[in-house]
Chemist: 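This structure is in C-alpha coordinates; I'll ask about it shortly.
The chains referred to below are lettered A, B, ... by the order of the sequence lines, with proteins before strands, and numbering in each begins at 1.
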Number of protein chains: 2
Amino acid sequence: MESKGFISYDMFRRTCPSHTVLEALSNKWLYLVVMALGRRGRMRFSELQKLLEGVSPKMLTQTLRGLERDGMLQREVFPVVPPRVEYELTPLGREFARLLVHMLDWSVAHVPDILAARALYDVAAGDAVTPPAGS
Amino acid sequence: MESKGFISYDMFRRTCPSHTVLEALSNKWLYLVVMALGRRGRMRFSELQKLLEGVSPKMLTQTLRGLERDGMLQREVFPVVPPRVEYELTPLGREFARLLVHMLDWSVAHVPDILAARALYDVAAGDAVTPPAGS
DNA sequence: CGGAATCCGATATGATACTG
DNA sequence: CAGTATCATATCGGATTCCG
(Lines give C-alpha, C1' and ligand atoms only; values in the text may rest on other atoms or scores of the structure.)
Protein backbone atom coordinates (compact mmCIF):
# COMPACT_ATOMS: atom_id res chain seq x y z
CA MET A 1 0.00 0.00 0.00
CA GLU A 2 0.97 3.64 -0.25
CA SER A 3 3.20 4.85 2.51
CA LYS A 4 1.13 6.72 5.03
CA GLY A 5 0.64 10.44 4.77
CA PHE A 6 0.98 10.54 1.04
CA ILE A 7 -2.36 10.64 -0.64
CA SER A 8 -2.77 11.01 -4.34
CA TYR A 9 -5.74 13.06 -5.44
CA ASP A 10 -7.15 13.18 -8.91
CA MET A 11 -9.46 16.10 -9.52
CA PHE A 12 -10.58 14.57 -12.79
CA ARG A 13 -12.37 11.80 -10.96
CA ARG A 14 -15.89 12.52 -9.92
CA THR A 15 -15.57 10.82 -6.57
CA CYS A 16 -12.22 12.23 -5.56
CA PRO A 17 -12.41 14.67 -2.64
CA SER A 18 -10.33 17.13 -4.62
CA HIS A 19 -13.03 17.12 -7.26
CA THR A 20 -15.68 17.82 -4.66
CA VAL A 21 -13.67 20.64 -3.17
CA LEU A 22 -13.03 22.10 -6.58
CA GLU A 23 -16.73 21.94 -7.23
CA ALA A 24 -17.48 23.77 -4.02
CA LEU A 25 -14.92 26.45 -4.81
CA SER A 26 -16.16 27.23 -8.29
CA ASN A 27 -18.91 29.56 -7.30
CA LYS A 28 -19.55 33.16 -8.12
CA TRP A 29 -20.89 34.26 -4.76
CA LEU A 30 -18.14 32.42 -2.98
CA TYR A 31 -15.60 34.38 -4.98
CA LEU A 32 -17.24 37.67 -4.21
CA VAL A 33 -17.54 37.00 -0.51
CA VAL A 34 -13.92 35.94 -0.26
CA MET A 35 -12.82 38.98 -2.22
CA ALA A 36 -14.91 41.29 -0.08
CA LEU A 37 -13.63 39.90 3.19
CA GLY A 38 -10.12 39.70 1.81
CA ARG A 39 -10.19 43.43 1.17
CA ARG A 40 -12.09 44.83 4.10
CA GLY A 41 -11.10 42.23 6.62
CA ARG A 42 -14.27 41.95 8.63
CA MET A 43 -17.83 42.57 7.67
CA ARG A 44 -21.35 42.29 8.88
CA PHE A 45 -24.04 40.40 7.06
CA SER A 46 -25.79 43.54 5.94
CA GLU A 47 -22.58 45.09 4.73
CA LEU A 48 -21.92 42.11 2.54
CA GLN A 49 -25.47 42.16 1.33
CA LYS A 50 -25.12 45.78 0.35
CA LEU A 51 -21.78 45.29 -1.35
CA LEU A 52 -22.74 42.19 -3.32
CA GLU A 53 -25.36 43.62 -5.57
CA GLY A 54 -28.13 41.15 -6.16
CA VAL A 55 -27.46 38.55 -3.49
CA SER A 56 -30.53 37.26 -1.85
CA PRO A 57 -30.24 36.69 1.89
CA LYS A 58 -30.64 33.03 1.14
CA MET A 59 -27.66 32.81 -1.17
CA LEU A 60 -25.53 34.94 1.07
CA THR A 61 -26.28 32.79 4.09
CA GLN A 62 -25.66 29.65 2.12
CA THR A 63 -22.35 30.92 0.84
CA LEU A 64 -21.21 32.10 4.25
CA ARG A 65 -22.17 28.83 5.86
CA GLY A 66 -20.33 26.86 3.22
CA LEU A 67 -17.17 28.88 3.71
CA GLU A 68 -17.45 28.53 7.44
CA ARG A 69 -17.91 24.81 7.13
CA ASP A 70 -14.82 24.56 4.96
CA GLY A 71 -12.78 26.40 7.53
CA MET A 72 -12.33 29.46 5.35
CA LEU A 73 -14.12 31.97 7.51
CA GLN A 74 -15.16 32.55 11.04
CA ARG A 75 -18.52 33.73 12.14
CA GLU A 76 -18.81 35.79 15.27
CA VAL A 77 -22.11 36.53 16.92
CA PHE A 78 -22.44 39.36 19.38
CA PRO A 79 -25.18 38.82 21.94
CA VAL A 80 -26.71 42.23 21.56
CA VAL A 81 -29.96 43.57 20.30
CA PRO A 82 -30.38 44.25 17.52
CA PRO A 83 -28.22 41.28 16.52
CA ARG A 84 -24.72 41.85 15.29
CA VAL A 85 -22.83 39.19 13.38
CA GLU A 86 -19.43 39.63 11.85
CA TYR A 87 -17.55 37.52 9.35
CA GLU A 88 -13.83 37.28 8.89
CA LEU A 89 -11.53 35.06 6.87
CA THR A 90 -9.49 32.48 8.72
CA PRO A 91 -5.81 32.03 7.90
CA LEU A 92 -6.86 29.32 5.47
CA GLY A 93 -9.37 31.63 3.89
CA ARG A 94 -6.80 34.37 3.60
CA GLU A 95 -4.46 32.05 1.77
CA PHE A 96 -7.17 31.17 -0.64
CA ALA A 97 -8.06 34.82 -1.03
CA ARG A 98 -4.53 35.61 -2.07
CA LEU A 99 -4.67 33.11 -4.91
CA LEU A 100 -8.13 34.15 -5.88
CA VAL A 101 -7.09 37.78 -6.08
CA HIS A 102 -4.48 36.91 -8.66
CA MET A 103 -6.94 35.04 -10.75
CA LEU A 104 -9.64 37.65 -10.57
CA ASP A 105 -7.30 40.56 -11.07
CA TRP A 106 -6.11 38.87 -14.21
CA SER A 107 -9.67 38.22 -15.28
CA VAL A 108 -10.70 41.81 -14.78
CA ALA A 109 -7.63 43.02 -16.59
CA HIS A 110 -8.53 40.86 -19.54
CA VAL A 111 -12.22 41.62 -19.67
CA PRO A 112 -11.72 43.75 -22.78
CA ASP A 113 -9.90 40.90 -24.52
CA ILE A 114 -12.62 38.47 -23.61
CA LEU A 115 -15.41 40.79 -24.69
CA ALA A 116 -13.61 41.39 -27.97
CA ALA A 117 -13.20 37.67 -28.52
CA ARG A 118 -16.87 37.16 -27.83
CA ALA A 119 -17.91 39.84 -30.24
CA LEU A 120 -15.75 38.32 -32.94
CA TYR A 121 -17.02 34.84 -32.28
CA ASP A 122 -20.61 35.96 -32.28
CA VAL A 123 -20.50 37.81 -35.55
CA ALA A 124 -18.71 34.88 -37.14
CA ALA A 125 -21.40 32.54 -35.91
CA GLY A 126 -24.07 34.94 -37.07
CA ASP A 127 -22.52 35.11 -40.51
CA ALA A 128 -22.55 31.38 -40.80
CA VAL A 129 -26.29 31.23 -40.31
CA THR A 130 -27.37 34.50 -41.89
CA PRO A 131 -28.84 34.17 -45.37
CA PRO A 132 -26.66 35.78 -48.06
CA ALA A 133 -29.04 38.66 -48.72
CA GLY A 134 -32.51 39.91 -47.89
CA SER A 135 -34.43 36.67 -47.80
CA MET B 1 -14.71 62.78 -16.70
CA GLU B 2 -12.46 59.74 -16.80
CA SER B 3 -9.56 60.02 -19.16
CA LYS B 4 -10.12 57.81 -22.13
CA GLY B 5 -8.89 54.26 -22.14
CA PHE B 6 -9.21 53.87 -18.41
CA ILE B 7 -12.23 51.86 -17.55
CA SER B 8 -13.17 51.02 -14.01
CA TYR B 9 -14.78 47.67 -13.50
CA ASP B 10 -16.61 46.60 -10.41
CA MET B 11 -17.10 42.88 -10.15
CA PHE B 12 -19.53 43.37 -7.30
CA ARG B 13 -22.07 44.90 -9.62
CA ARG B 14 -24.37 42.48 -11.35
CA THR B 15 -24.32 44.32 -14.65
CA CYS B 16 -20.59 44.94 -14.82
CA PRO B 17 -18.84 42.98 -17.55
CA SER B 18 -16.25 41.86 -15.04
CA HIS B 19 -19.04 40.28 -13.03
CA THR B 20 -20.29 38.46 -16.09
CA VAL B 21 -16.84 37.21 -16.94
CA LEU B 22 -16.28 36.09 -13.40
CA GLU B 23 -19.55 34.26 -13.56
CA ALA B 24 -18.51 32.49 -16.73
CA LEU B 25 -15.17 31.52 -15.25
CA SER B 26 -16.53 29.99 -12.07
CA ASN B 27 -17.35 26.64 -13.49
CA LYS B 28 -16.13 23.20 -12.60
CA TRP B 29 -15.96 21.75 -16.10
CA LEU B 30 -14.26 24.83 -17.38
CA TYR B 31 -11.58 24.42 -14.75
CA LEU B 32 -11.03 20.82 -15.64
CA VAL B 33 -10.83 21.46 -19.35
CA VAL B 34 -8.35 24.26 -18.88
CA MET B 35 -6.28 22.14 -16.54
CA ALA B 36 -6.33 19.23 -18.93
CA LEU B 37 -5.30 21.28 -21.93
CA GLY B 38 -2.81 23.20 -19.83
CA ARG B 39 -1.05 19.97 -19.01
CA ARG B 40 -1.24 17.97 -22.17
CA GLY B 41 -1.28 20.83 -24.59
CA ARG B 42 -3.57 19.54 -27.25
CA MET B 43 -6.39 17.07 -27.06
CA ARG B 44 -9.20 15.56 -29.00
CA PHE B 45 -12.80 15.63 -27.94
CA SER B 46 -12.82 11.98 -27.06
CA GLU B 47 -9.62 12.26 -25.07
CA LEU B 48 -11.11 15.01 -22.98
CA GLN B 49 -14.26 13.03 -22.55
CA LYS B 50 -12.27 10.07 -21.31
CA LEU B 51 -10.15 12.13 -18.96
CA LEU B 52 -12.98 14.13 -17.41
CA GLU B 53 -14.84 11.38 -15.71
CA GLY B 54 -18.55 11.98 -15.91
CA VAL B 55 -18.77 14.72 -18.53
CA SER B 56 -21.65 14.31 -20.86
CA PRO B 57 -20.95 15.23 -24.48
CA LYS B 58 -23.33 18.09 -23.99
CA MET B 59 -21.47 19.69 -21.13
CA LEU B 60 -18.13 19.12 -22.75
CA THR B 61 -19.25 20.74 -25.96
CA GLN B 62 -20.82 23.61 -24.09
CA THR B 63 -17.68 24.17 -22.06
CA LEU B 64 -15.42 24.01 -25.08
CA ARG B 65 -17.59 26.40 -27.03
CA GLY B 66 -17.66 28.83 -24.18
CA LEU B 67 -13.89 28.81 -23.87
CA GLU B 68 -13.53 29.20 -27.58
CA ARG B 69 -15.93 32.10 -27.58
CA ASP B 70 -13.96 33.79 -24.83
CA GLY B 71 -10.76 33.46 -26.80
CA MET B 72 -9.25 30.96 -24.40
CA LEU B 73 -8.95 28.04 -26.74
CA GLN B 74 -8.74 27.23 -30.37
CA ARG B 75 -10.66 24.52 -32.10
CA GLU B 76 -9.12 22.85 -35.07
CA VAL B 77 -11.05 20.61 -37.40
CA PHE B 78 -9.28 18.18 -39.67
CA PRO B 79 -11.23 17.40 -42.82
CA VAL B 80 -10.78 13.67 -42.59
CA VAL B 81 -13.04 10.76 -42.07
CA PRO B 82 -13.67 9.80 -39.41
CA PRO B 83 -13.63 13.36 -38.13
CA ARG B 84 -10.76 14.61 -36.08
CA VAL B 85 -11.04 17.72 -33.95
CA GLU B 86 -8.35 19.03 -31.66
CA TYR B 87 -8.45 21.64 -28.95
CA GLU B 88 -5.62 23.77 -27.71
CA LEU B 89 -5.32 26.73 -25.37
CA THR B 90 -4.62 30.10 -26.89
CA PRO B 91 -2.00 32.36 -25.32
CA LEU B 92 -4.80 33.97 -23.34
CA GLY B 93 -5.97 30.57 -22.21
CA ARG B 94 -2.49 29.57 -21.20
CA GLU B 95 -2.17 32.65 -19.05
CA PHE B 96 -5.39 31.82 -17.35
CA ALA B 97 -4.31 28.23 -16.94
CA ARG B 98 -1.19 29.32 -15.10
CA LEU B 99 -3.22 31.21 -12.53
CA LEU B 100 -5.74 28.45 -12.26
CA VAL B 101 -3.03 25.90 -11.62
CA HIS B 102 -1.88 27.84 -8.61
CA MET B 103 -5.35 28.01 -7.20
CA LEU B 104 -6.17 24.39 -7.80
CA ASP B 105 -2.82 23.12 -6.61
CA TRP B 106 -3.39 24.99 -3.42
CA SER B 107 -6.91 23.61 -3.19
CA VAL B 108 -5.77 20.06 -3.67
CA ALA B 109 -2.98 20.54 -1.16
CA HIS B 110 -5.51 21.71 1.38
CA VAL B 111 -8.16 19.13 0.77
CA PRO B 112 -7.32 17.40 4.04
CA ASP B 113 -7.69 20.66 5.95
CA ILE B 114 -11.00 21.35 4.33
CA LEU B 115 -12.31 17.86 4.94
CA ALA B 116 -11.21 18.10 8.55
CA ALA B 117 -12.94 21.46 8.94
CA ARG B 118 -16.09 20.00 7.47
CA ALA B 119 -16.05 17.03 9.79
CA LEU B 120 -15.63 19.31 12.76
CA TYR B 121 -18.35 21.65 11.65
CA ASP B 122 -20.74 18.81 10.97
CA VAL B 123 -20.37 17.10 14.32
CA ALA B 124 -20.75 20.45 16.05
CA ALA B 125 -23.94 21.12 14.14
CA GLY B 126 -25.15 17.63 14.91
CA ASP B 127 -24.51 18.14 18.62
CA ALA B 128 -26.45 21.35 18.64
CA VAL B 129 -29.56 19.63 17.39
CA THR B 130 -29.21 16.26 19.06
CA PRO B 131 -31.48 15.80 22.08
CA PRO B 132 -29.54 15.55 25.37
CA ALA B 133 -30.38 11.92 25.94
CA GLY B 134 -32.65 9.14 24.78
CA SER B 135 -35.83 11.00 24.02
C1' DC C 1 -15.58 10.43 -34.33
C1' DG C 2 -17.55 14.58 -32.94
C1' DG C 3 -20.88 16.52 -32.16
C1' DA C 4 -26.27 18.45 -32.45
C1' DA C 5 -30.95 18.00 -30.85
C1' DT C 6 -34.19 16.69 -27.66
C1' DC C 7 -36.09 15.43 -23.40
C1' DC C 8 -36.47 15.63 -18.66
C1' DG C 9 -35.59 15.58 -13.72
C1' DA C 10 -32.72 17.46 -10.02
C1' DT C 11 -31.16 21.22 -8.07
C1' DA C 12 -29.61 25.84 -7.86
C1' DT C 13 -31.12 30.34 -7.49
C1' DG C 14 -34.04 34.28 -6.90
C1' DA C 15 -38.00 36.95 -4.92
C1' DT C 16 -40.71 37.49 -1.10
C1' DA C 17 -42.58 37.27 3.41
C1' DC C 18 -41.89 36.43 8.02
C1' DT C 19 -39.49 36.08 12.80
C1' DG C 20 -36.37 36.13 17.15
C1' DC D 1 -30.24 43.06 12.15
C1' DA D 2 -29.69 38.66 10.62
C1' DG D 3 -31.33 35.50 9.22
C1' DT D 4 -35.25 31.41 8.13
C1' DA D 5 -39.18 29.56 5.49
C1' DT D 6 -41.55 29.16 1.39
C1' DC D 7 -42.54 29.22 -3.33
C1' DA D 8 -41.73 29.70 -8.21
C1' DT D 9 -38.65 29.20 -11.80
C1' DA D 10 -34.62 28.76 -14.32
C1' DT D 11 -30.82 26.61 -15.29
C1' DC D 12 -27.96 22.91 -14.98
C1' DG D 13 -26.71 18.86 -16.28
C1' DG D 14 -27.24 14.00 -17.63
C1' DA D 15 -29.18 10.38 -20.71
C1' DT D 16 -30.47 9.33 -25.07
C1' DT D 17 -30.87 9.49 -29.95
C1' DC D 18 -29.45 10.71 -34.35
C1' DC D 19 -26.51 12.61 -38.10
C1' DG D 20 -22.52 14.14 -41.31
Side-chain angles (χ1 to χ4, degrees), chain A residues 12-15 19-20 22-33 36-37 40 42-70 73-88 121 124-126 128-129, chain B residues 12-15 19-20 22-33 36-37 42-69 73-88 121 125 128-129:
Chain A
F12 293 109
R13 296 214 162 273
R14 281 223 294 350
T15 55
H19 186 100
T20 307
L22 175 142
E23 205 163 358
L25 295 184
S26 55
N27 177 300
K28 182 183 70 167
W29 294 125
L30 178 314
Y31 284 1
L32 294 175
V33 165
L37 293 177
R40 304 197 182 178
R42 175 178 269 260
M43 273 194 263
R44 303 181 58 171
F45 187 90
S46 51
E47 291 177 321
L48 284 165
Q49 196 170 17
K50 215 182 312 168
L51 179 60
L52 308 202
E53 189 189 77
V55 236
S56 61
K58 178 182 172 180
M59 289 315 297
L60 185 53
T61 298
Q62 184 175 310
T63 304
L64 289 168
R65 289 292 192 282
L67 282 167
E68 189 189 0
R69 187 169 106 100
D70 287 352
L73 72 73
Q74 201 198 334
R75 177 170 177 261
E76 190 169 356
V77 183
F78 298 85
V80 297
V81 41
R84 176 185 191 83
V85 178
E86 292 186 354
Y87 296 90
E88 187 179 18
Y121 183 94
V129 193
Chain B
F12 293 109
R13 296 213 163 274
R14 280 225 287 4
T15 56
H19 185 101
T20 306
L22 174 141
E23 205 162 359
L25 295 183
S26 55
N27 178 299
K28 181 182 73 167
W29 294 125
L30 188 155
Y31 283 1
L32 293 175
V33 166
L37 293 178
R42 176 177 268 259
M43 275 195 262
R44 303 181 60 170
F45 188 89
S46 51
E47 292 176 322
L48 284 165
Q49 196 169 17
K50 215 182 314 169
L51 179 60
L52 307 202
E53 188 189 76
V55 236
S56 61
K58 177 185 174 180
M59 290 314 298
L60 185 53
T61 299
Q62 184 176 307
T63 304
L64 290 167
R65 288 293 191 281
L67 282 168
E68 189 189 0
R69 188 169 104 102
L73 72 74
Q74 200 199 335
R75 175 169 179 264
E76 190 169 355
V77 183
F78 297 85
V80 297
V81 42
R84 175 184 192 84
V85 179
E86 292 186 354
Y87 296 91
E88 188 180 18
Y121 183 93
V129 194

Chemist: Identify each atom pair where a protein N or O and an N or O of nucleotides 3-5 of chain D are less than 3.5 Å apart, giving names and distance.
Modeler:
unit_1 : atom_1 : unit_2  : atom_2 : d
D/dG3  : OP1    : A/Arg75 : NE     : 3.4
D/dG3  : OP1    : A/Arg75 : NH2    : 2.6
D/dG3  : OP2    : A/Tyr87 : OH     : 2.4
D/dT4  : OP1    : A/Arg65 : NH2    : 3.2

Chemist: Can you tell me if A/Glu53 uses its side chain to pair, donor with acceptor, with the backbone of B/Arg14 under 3.5 Å?
Modeler: yes
Chemist: Over how many whole Å does the gap from B/Leu60 atom CG to C/dA5 atom P extend?
Modeler: 16 Å
Chemist: From C/dT13, D/dC1, C/dA15, pick the nucleotide closest to the side chain of A/Ser46?
Modeler: D/dC1
Chemist: Tell me: CE of B/Met59 to P of C/dG3, nearest whole Å?
Modeler: 15 Å
Chemist: Under 4.0 angstrom, heavy atoms only, what part of the nucleic acid is A/Pro83 near: base, sugar-phosphate, or nothing?
Modeler: base
Chemist: Would you say D/dA2 has OP1 or OP2 under 4.0 Å from some side-chain N or O of A/Arg84?
Modeler: no
Chemist: Does a salt bridge link A/Arg40 with A/Glu47, judged by any charged N lying under 4.0 Å from a carboxylate O?
Modeler: no
Chemist: Mapping A/Glu86 and A/Arg14 onto DNA chain D by nearest heavy atom, which one lands closer to the 5' end?
Modeler: A/Glu86
Chemist: What is the distance from CD of A/Glu47 to C1' of D/dC1, rounded to the nearest Å?
Modeler: 12 Å
Chemist: Would you call B/Arg75 and B/Glu88 a salt bridge, taking side-chain N to carboxylate O under 4.0 Å as the test?
Modeler: no
Chemist: D/dA2 phosphate, OP1 or OP2: any side-chain N/O from A/Arg44 under 4.0 angstrom?
Modeler: yes
Chemist: Nearest whole Å is fine: how far is D/dG14 C1' from B/Leu52 CG?
Modeler: 15 Å
Chemist: Taking 4.0 angstrom as the limit, do A/Arg44 and A/Glu86 come out as a salt bridge?
Modeler: no
Chemist: Check whether any side-chain heavy atom of A/Val33 lies under 4.5 Å from a side-chain heavy atom of A/Tyr87, and answer yes or no.
Modeler: no
Chemist: Counting only side-chain heavy atoms from C-beta out, which of D/dC1, C/dT13, C/dG14 sits nearest to A/Pro82?
Modeler: D/dC1
Chemist: Tell me the interatomic distance from A/Leu32, atom CG, to C/dT13, atom P, rounded to whole angstroms.
Modeler: 13 Å
Chemist: To the nearest Å, how far apart are A/Glu23 CD and D/dG14 C1'?
Modeler: 13 Å
Chemist: For the CE atom of B/Met43 and the NZ atom of B/Lys50, what is their distance to the nearest 0.5 Å?
Modeler: 11.0 Å
Chemist: Taking the side chain as everything from C-beta on, heavy atoms only, tell me whether A/Val55 gets closer than 4.5 Å to A/Leu32.
Modeler: no
Chemist: Rounding to an integer number of Å, can you tell me how far A/Asn27 CG sits from C/dA12 C1'?
Modeler: 10 Å
Chemist: Can you check the B/Lys28 NZ to D/dG13 P distance for me, whole Å?
Modeler: 7 Å
